[in-house]
S.K.: 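I have a structure I would like to understand better, so I am pasting it below and will then ask my questions one at a time.
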2 protein chains.
Amino acid sequence: MPQKVTIATVARQAGVSRQTVSNVLNAPHIVREETRQRVQEAITTLGYRTNQAARQMRTGRSRLIAVRIEPTRDGINGAVLDQFLHGLSETAGTAGYRVLLYTAADDEQEIREYDDLLGAYELDAFVLTSTTRGDPRTAWLADRGVPFVTFGRPWDDPAAHPWVDVDGADGTAQATRRLLATGHRRIGFVGWPTGSGVGDDRRLGWYHTLRAAGLDPTDLDRHTEDGIPQGEQVTRELLTAPAPPTALLCASDSLALGALQAVRAADPTIPVIGFDDTPVAAAVGLTSVRQPLREAAVRCVELLTGLLDGTPRPNPSQVLLKPHLVLRQTA
Amino acid sequence: MPQKVTIATVARQAGVSRQTVSNVLNAPHIVREETRQRVQEAITTLGYRTNQAARQMRTGRSRLIAVRIEPTRDGINGAVLDQFLHGLSETAGTAGYRVLLYTAADDEQEIREYDDLLGAYELDAFVLTSTTRGDPRTAWLADRGVPFVTFGRPWDDPAAHPWVDVDGADGTAQATRRLLATGHRRIGFVGWPTGSGVGDDRRLGWYHTLRAAGLDPTDLDRHTEDGIPQGEQVTRELLTAPAPPTALLCASDSLALGALQAVRAADPTIPVIGFDDTPVAAAVGLTSVRQPLREAAVRCVELLTGLLDGTPRPNPSQVLLKPHLVLRQTA
DNA sequence: TTGTATGCGTTATCAC
DNA sequence: GTGATAACGCATACAA
């Protein structure tokens, strides 16, 4: 068991004062090259590591980033968060930060967690996911000047704060173009009820692409809550309508899975495309739109470190990433 | 912006010394009830929170638990870790601990992370997942007396360290009994190659149950790497053998999904049961064995706090949980 | 029971 | 360019 090695140990070993060691670590440029090297050597031979707690006490910064881990909803989308978290943790690590997890059942509880995390651990920043219109959490954080980034746009005001998001409209546009290219003209959309920023965005990509192609898809637009049975139900209705679609685009893999079941019962040749490219999609051969989750995580960290370290922030503070279509058997 | 409220602020407000406040927090029993109440009141009205960094500096303990987030393998099993993480974070929170994430590509890198985490952040404990035979990580931690718990048994020596695990053999036994009860006698097993503790365990539950029923299933046992195509391939072989099985049990949902495809092509009435009850299983209606992940997480935290706080440790330090069969369309 | 003094490892301020 | 000194907020040994 090696003795605890502090800055004093290093100083003694290198024959300098503690402050000089500190300078080597925090402001290398103001220290003479020769001295710097000697200190560096001592640091590595002794295996010195700066004690975060002590540093934090002095600087008031913990080098910790908090992110909420959600209670796996319908399970299908759980893997999305998983990949994002992994990317976040890895990228943060290389930037000298660590990721702390927290849980909360609702917004109010989450805000109480912010308070606690900030008060007790002096967290440096937060990463929020699943943002909604008029999100109380972003307001709370902004009020207090706490640095944060959201994965998901603030739909009410795009410039409200730094964010990273994936261009859902572009994703559905890609999917729609693919279906158009394979000869389809009546392309249905199974989406969420109006009002959710994400859902509206995805619907718009489909709508605008068809309009631009001179088509009016209004009668092929459907709204339902997320879920496999819901997707199946709505699709069945769509397929038994007077003028049914010849292809389907869905706002999520869950809906697409349901659609797939309805389609198989009616006409298995009808293509179906989902959204999110969850493991389930890969497993059943569902063509789907994939979000660049890893890159999203990387950009979140970039934005955050920009805010925290004052490094020339990667302007702009809003990052919109393009998804891409993963072709499989169903389209 | 409220001024920083320290133990001194509270002491002044309550008209006592700082020490008394500290006592109220760390040893309430030695303080007079009346005083205690007055101090408590001051604490709540001021919104005092003990500064973790300062406490850590003094006690050498961070109240932080580290857990590795893995790079979503084939994706299907990602949701498993997800649920476990959520449970872990939540339970740890109520016990006054927080969960810190870290990543590592291999064992060697992971051990280097331990070193760093311990040196810089003075982590209190680790939760390891995906343990293997002769795991170098557990050896490293044990050597240094670092508290840790594994989710997964140490297959070489069950008493080596505290662990929580799910009884895989019991899971496959339940599944096998179910198939026996519905009249099947030739029940095939699609499992992993021999040598992995988890895989062998799951196979054994199937084998022993059939033996106990007076059957010899040796010719229906297959070994292959995990994956959907592998499952399909092996199942196809199994079904075209001279005496094919009338039902199938698989070591994972991935394998089961592959098996399902082979079965559908041959004889759709053949039941298939998977393992892990991943979201994919729920989506496609696959009967599967579910692990109590939430409870596993809770028990991990219990074991850990027992180690850390010296609370009467929930003897024994080894916890084996029972999974249960989730019946769906495929069996 | 309560108060006083001290140190944990760092960094910031200021002399040298 | 380098070194001494103070302070961050808390917990503990010890004295009152």
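Values reported hereafter were calculated over all heavy atoms of this structure, with side chains retained and with hydrogens, waters and symmetry mates removed. Each chain gets a letter, A, B and so on, in the order its sequence line appears, and its residues count up from 1.
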S.K.: Who passes side chain to side chain contact (heavy atoms under 4.5 Å, CB included) against Arg58(B), sequence neighbours left out?
M.R.: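 None.
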
S.K.: Can you list every pair that meets salt bridge (charged side-chain N to carboxylate O under 4.0 Å, His left out) and has a residue in residues 133-143 of chain B, with sequence neighbours left out?
M.R.: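 Listed by first then second residue: Asp107(B)-Arg137(B), Glu110(B)-Arg137(B), Asp135(B)-Arg137(B).
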
S.K.: Do side-chain atoms of Arg153(A) reach the backbone of Asp165(A) as a donor and acceptor pair under 3.5 angstrom?
M.R.: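 Side chain of Arg153(A) to backbone of Asp165(A), a donor-acceptor pair under 3.5 Å: no, none is there.
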
S.K.: Holding to salt bridge (charged side-chain N to carboxylate O under 4.0 Å, His left out), I want the full list of residues that pass it with Asp115(B), two or more places apart in sequence or in another chain.
M.R.: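 Listed in chain order: Arg49(A).
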
S.K.: Quick one, which residues of residues 116-124 of chain B touch DNA chain C with a heavy atom under 4.0 Å?
M.R.: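 Nothing qualifies; none.
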
S.K.: Do side-chain atoms of Arg38(A) reach the backbone of Ala14(A) as a donor and acceptor pair under 3.5 angstrom?
M.R.: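 Yes; judged by distance alone, with no hydrogens or angles, the pair exists.
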
S.K.: Considering residues at least two apart in sequence or located in another chain, which fulfil the salt bridge (charged side-chain N to carboxylate O under 4.0 Å, His left out) criterion with Arg12(A)?
M.R.: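 Scan of Arg12(A) (salt bridge (charged side-chain N to carboxylate O under 4.0 Å, His left out), adjacent residues dropped) gives none.
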
S.K.: Taking Ser62(A) for its side chain and Glu122(A) for its backbone only, find out whether a donor-acceptor pair lies under 3.5 Å.
M.R.: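 Yes, the answer is positive, given that a donor and an acceptor are paired below the 3.5 Å cut-off.
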
S.K.: On DNA chain D, which is the earliest and which the latest nucleotide, 5' to 3', with an atom closer than 4.0 Å to a heavy atom of chain B?
M.R.: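 So the contact region on DNA chain D extends dG9(D) to dA13(D).
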
S.K.: Residues two or more places apart in sequence or in another chain: which of them pass ring-ring contact (aromatic ring centres under 6.0 Å, His included) with Phe126(B)?
M.R.: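 With neighbours one apart ignored, the set is Tyr114(B).
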
S.K.: Can a side-chain donor-acceptor contact be found between Gln37(A) and Glu41(A) if the only test is distance below 3.5 angstrom?
M.R.: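 There is no such pair (donor and acceptor under 3.5 Å, judged by atom type) between the side chains of Glu41(A) and Gln37(A).
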
S.K.: Taking the side chain from Ser89(A) and the backbone from His86(A), do they hold a donor-acceptor pair closer than 3.5 Å?
M.R.: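 Pair absent, no side-chain N/O of Ser89(A) close to backbone of His86(A).
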
S.K.: May I ask you to check if Arg68(B) and Tyr102(B) form a cation-pi contact, with NZ or CZ under 6.0 angstrom from the six-membered ring centre and within 45° of the axis?
M.R.: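 No, Arg68(B) does not sit over the ring of Tyr102(B).
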
S.K.: Looking at DNA chain D, which of residues 44-59 of chain A put a heavy atom within less than 4.0 Å of it?
M.R.: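 By residue number: Met57(A), Arg58(A).
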
S.K.: Can you name the residues that form a side chain to side chain contact (heavy atoms under 4.5 Å, CB included) with Ser17(B), not counting sequence neighbours?
M.R.: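 Checked Ser17(B) against side chain to side chain contact (heavy atoms under 4.5 Å, CB included); matches are Gln19(B), Thr20(B).
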
S.K.: Which residues in residues 6-17 of chain B have at least one heavy atom lying under 4.0 Å from any atom of DNA chain D?
M.R.: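 Those residues are Thr6(B), Ile7(B).
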
S.K.: Identify the residue among Arg61(B), Arg98(B), Gln56(B) that makes a side chain to side chain contact (heavy atoms under 4.5 Å, CB included) with Asp124(B).
M.R.: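 For Asp124(B), the side chain to side chain contact (heavy atoms under 4.5 Å, CB included) test succeeds with only one of Arg61(B), Arg98(B), Gln56(B), which is Arg61(B).
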
S.K.: Look at the side chain of Thr103(B) and the backbone N and O of Ile69(B), then say whether any donor-acceptor pair between them is shorter than 3.5 Å.
M.R.: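 Absent.
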
S.K.: For DNA chain D, determine which residues of residues 19-39 of chain B have any heavy atom closer than 4.0 angstrom to one of its atoms, and list them numerically.
M.R.: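 Correct list: Gln19(B), Ser22(B), Asn26(B).
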
S.K.: What residues, two or more places apart in sequence or in another chain, satisfy ring-ring contact (aromatic ring centres under 6.0 Å, His included) together with Tyr121(A)?
M.R.: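 Scan of Tyr121(A) (ring-ring contact (aromatic ring centres under 6.0 Å, His included), adjacent residues dropped) gives none.
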
